[in-house]
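Structure first, commentary second.
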Amino acid sequence: MKRRAGEREKELKKKKLLEELGESRLPYMTPADADFHQLWKTKYSKLVFRKSDTVPEELHQMVQESFLTLRKHDCFFQDLVRIKGKDFFTPVSRILIGNPGCTYKYLNTRLFTVPWPTEGYEIKYCSPQIHDACKALIKLNDYLHIEAVKALQGQNLLESKETEDTPVTDREQNFATSLREKGSVSQDQSSFCVPEDDFTSLNSRTSYNVTLLNYMDPLQMLYLKQEPYFGMGNMAVSWHHDENLVERSTVAVYSYSCEDDLNMTHQHCVLAGFSPRFSSTHRVADCSRGTLEYIFGQCELALQNLQTDSNSGALSLKSLETAVVKQVEEIHNEVEFEWLRQFWFQGKRYLKCTDWWLKPMAKLEEYWRKMETMSSLVLHEVRKKEQTEEQRNETISCFLLVLTERQRLRKEWTARCQSEAAESLPEDQKPECHPFWTNDECNMPLPYDLEEVIAHLQNLVQ
């Protein structure tokens, strides 16, 4: 609710500013203006640009080849995102590459990483070229991590007015050595110091776990919005803050970065320009609720309330306490709508690169089916009237809230999968409404459409 209120407030401020501007536009500076660099230094010091020739030429070549390889293999996709209850295609085509099992959510859309080569993970790519492309991007990721640490360290030194000759402690030297050992950069590139107090903070705020690759061809992008405040022409991406990031983490875009809290305190847009181009935007995604490890942990927590009779094999619930029922059913919804439906809504796009996600999604669906059984057991128990009336009504009321939300979201996702925009996609990108079943399928304990179940529960508490 607070987030929605904040969004409404922003919209009102935007509307007010545009009304005040009328036909006029706000002034802005370019590098050609005399005061540009002074303004940048004093007001936007956390926006760091690097000349392309400061990046090792070998890395440049590998990364640029990876962009072309991924495009050649049709790995870039326009996302069908949801804004204010409506579906829109993003003008920019994207692919998320990063740590195995990691996701990144923006505009109500959860993207699933094409995993880059990672020790301890068996990743089968669709071609050696895609493997090489992902390998190049993790090398770029390591390089940008080092550069971001150095930039933040330099910023900290300036702010604290420390001299450039600040001694390097043993721990700081060990940190620099460990980064070199990753193979990200050569020894002469990592000669920097990290104050002991900032050791953990700098590392965590620059340890990029995903990169969102973008491709755009302005000549092929129809219906672009005009930049409304400064009159700077067509926008490929409107003014925004990047979402779902670790607080005060750096965003590194191949050749520049937004350091510290700049993304939180400032918005940015992407002008369309006139020529096709790629970008690689490296982020520290907030994965507190966005990894396989997290969601499998949630499933295991929910399934602790399910028990099997050792003799008959019959399933039953350990507890009907309201708090337990609520927790389990909310996890049930989270698995269905934040993971299963999000994944299958994007069709078979990930198979262009790898089948890595199919096995964990099958495991998640197995857990989800058990939770469907648990929902049916709650329904069965409240019908028996073995609880006191007060306890029973409390359980039913709690259960009803979650089931009503489940029904609403199932209707919404079903409609999205059948929308005109969804139907316009190529066959391998068309959203799949999954899981879905009809009343004829007897292997499911509850119907897909929960209207009758909800009506029955409502009658029980009247």
Side-chain angles (χ1 to χ4, degrees), residues 10-57 60 63-64 91-92 140 143-144 147-161 164 205-206 212 214-219 221 223-243 245 248-283:
K10 286 180 185 177
E11 288 299 318
L12 289 172
K13 286 181 178 179
K14 285 182 184 178
K15 186 177 179 182
K16 184 180 178 182
L17 176 57
L18 289 172
E19 287 174 351
E20 290 174 355
L21 285 173
E23 296 298 316
S24 61
R25 292 292 178 264
L26 294 169
Y28 64 94
M29 288 186 179
T30 72
D33 292 299
D35 296 331
F36 176 84
H37 287 91
Q38 180 61 24
L39 181 65
W40 180 4
K41 182 179 178 181
T42 55
K43 300 297 183 182
Y44 301 92
S45 62
K46 294 174 183 177
L47 179 64
V48 179
F49 279 87
R50 293 179 183 84
K51 292 182 179 179
S52 60
D53 59 11
T54 64
V55 179
E57 183 56 36
H60 264 313
V63 171
Q64 290 167 18
V92 175
L140 175 63
Y143 173 81
L144 293 174
E147 292 299 302
V149 171
K150 288 160 67 174
L152 282 171
Q153 172 60 10
Q155 189 179 88
N156 288 352
L157 288 171
L158 285 173
E159 289 175 357
S160 60
K161 298 181 180 179
E164 293 182 1
R205 287 158 53 204
T206 58
L212 186 61
N214 302 297
Y215 172 75
M216 57 179 146
D217 182 352
L219 298 180
M221 297 161 70
Y223 313 116
L224 292 176
K225 289 183 179 180
Q226 288 281 312
E227 196 288 313
Y229 307 110
F230 301 92
M232 292 189 287
N234 289 338
M235 297 184 296
V237 183
S238 301
W239 289 98
H240 67 286
H241 299 282
D242 287 335
E243 300 178 68
L245 303 179
R248 294 185 64 202
S249 61
T250 297
V251 178
V253 183
Y254 189 35
S255 290
Y256 74 90
S257 61
C258 300
E259 311 284 359
D260 198 47
D261 61 352
L262 185 68
N263 178 63
M264 297 165 59
T265 57
H266 294 72
Q267 293 192 19
H268 58 280
C269 72
V270 179
L271 299 178
F274 301 99
S275 58
R277 63 189 188 274
F278 296 93
S279 68
S280 183
T281 62
H282 299 248
R283 304 148 190 256

Handout entry: Donor-acceptor contact present, side-chain Trp40 to main-chain Leu47, <3.5 Å
Key = yes
Exercise for the section: Tell me, with the steps shown, if Thr281 and Arg283 meet side-chain hydrogen bond (donor to acceptor under 3.5 Å, both in side chains). Expected result: CA-CA 6 Å; Thr281 62; Arg283 304 148 190 256; 3.1 Å; yes
Fill in the blank from the handout: For Pro228 and Met235 the tightest heavy-atom approach is CD-CE, 4.0 Å
Practice task
Begin with the C-alpha distance, continue with both residues' side-chain angles, and end with the deciding distance and a verdict on side chain to side chain contact (heavy atoms under 4.5 Å, CB included) for Val63 and Ser280.
Solution key: CA-CA 9 Å; Val63 171; Ser280 183; 5.5 Å; no
Exercise for the section: State, with a plain yes or no, whether a side-chain heavy atom of Glu57 is found less than 4.5 Å away from one of His60. Expected result: yes
Practice task
Could you tell me whether Phe36 atom CZ has more than 12 heavy atoms of other residues or ligands within 6.0 Å of it?
Solution key: yes
Problem - Nearest heavy atoms of Met221 and Ala236, plus distance in Å - result: CE-CB, 3.7 Å
Practice task
Rounded to the nearest 0.5 Å, what's the gap from CZ on Arg50 to CG on Leu144? Could you check?
Solution key: 7.5 Å
Problem - 4.5 Å side-chain heavy-atom contact, Asp242 and His268 - result: yes
Practice task
With the side chain counted from C-beta on, respond yes when Met264 and His241 share a heavy-atom pair under 4.5 Å apart, and no when they do not.
Solution key: no
Completion exercise
In terms of heavy-atom contacts, Gly273 and Pro218 come closest through O-CB, 3.4 Å
Fill in the blank from the handout: What one should report as the nearest heavy-atom pair of Tyr254 and Gln64 is OH-NE2, 3.7 Å
Handout entry: Minimum-distance pair of heavy atoms, taken over all atoms of Val48 and Ser45
Key = CG2-O, 4.2 Å
Fill in the blank from the handout: dist Thr250:OG1 -> Leu152:CG (nearest 0.5 Å) comes out at 4.5 Å
Problem - Under the ring-ring contact (aromatic ring centres under 6.0 Å, His included) test, residues paired with Tyr44 that sit two or more places apart - result: His266
Handout entry: Atom pair OG (Ser249) and NE2 (His282), whose distance is rounded to the nearest 0.5 Å
Key = 13.5 Å
Practice task
For residues Tyr28 and Asp33, report the shortest heavy-atom separation together with the two atoms involved.
Solution key: O-OD2, 4.2 Å
Problem - Spacing of Gln38 atom CD and Lys41 atom NZ [to the nearest 0.5 Å] - result: 6.0 Å
Handout entry: Basic-acidic side-chain contact under 4.0 Å: Glu147, Lys150
Key = yes
Practice task
Name all residues meeting the ring-ring contact (aromatic ring centres under 6.0 Å, His included) criterion together with Tyr215; count only those two or more places apart in sequence or in a different chain, and write none if there are none.
Solution key: Phe278
Handout entry: Those residues that, when tested against Asn234, pass side chain to side chain contact (heavy atoms under 4.5 Å, CB included) (two or more places apart)
Key = Leu224, Gln226, Ala272
Handout entry: Sidechain-backbone polar pair: Glu227 side chain, Tyr229 backbone, donor-acceptor under 3.5 Å
Key = yes
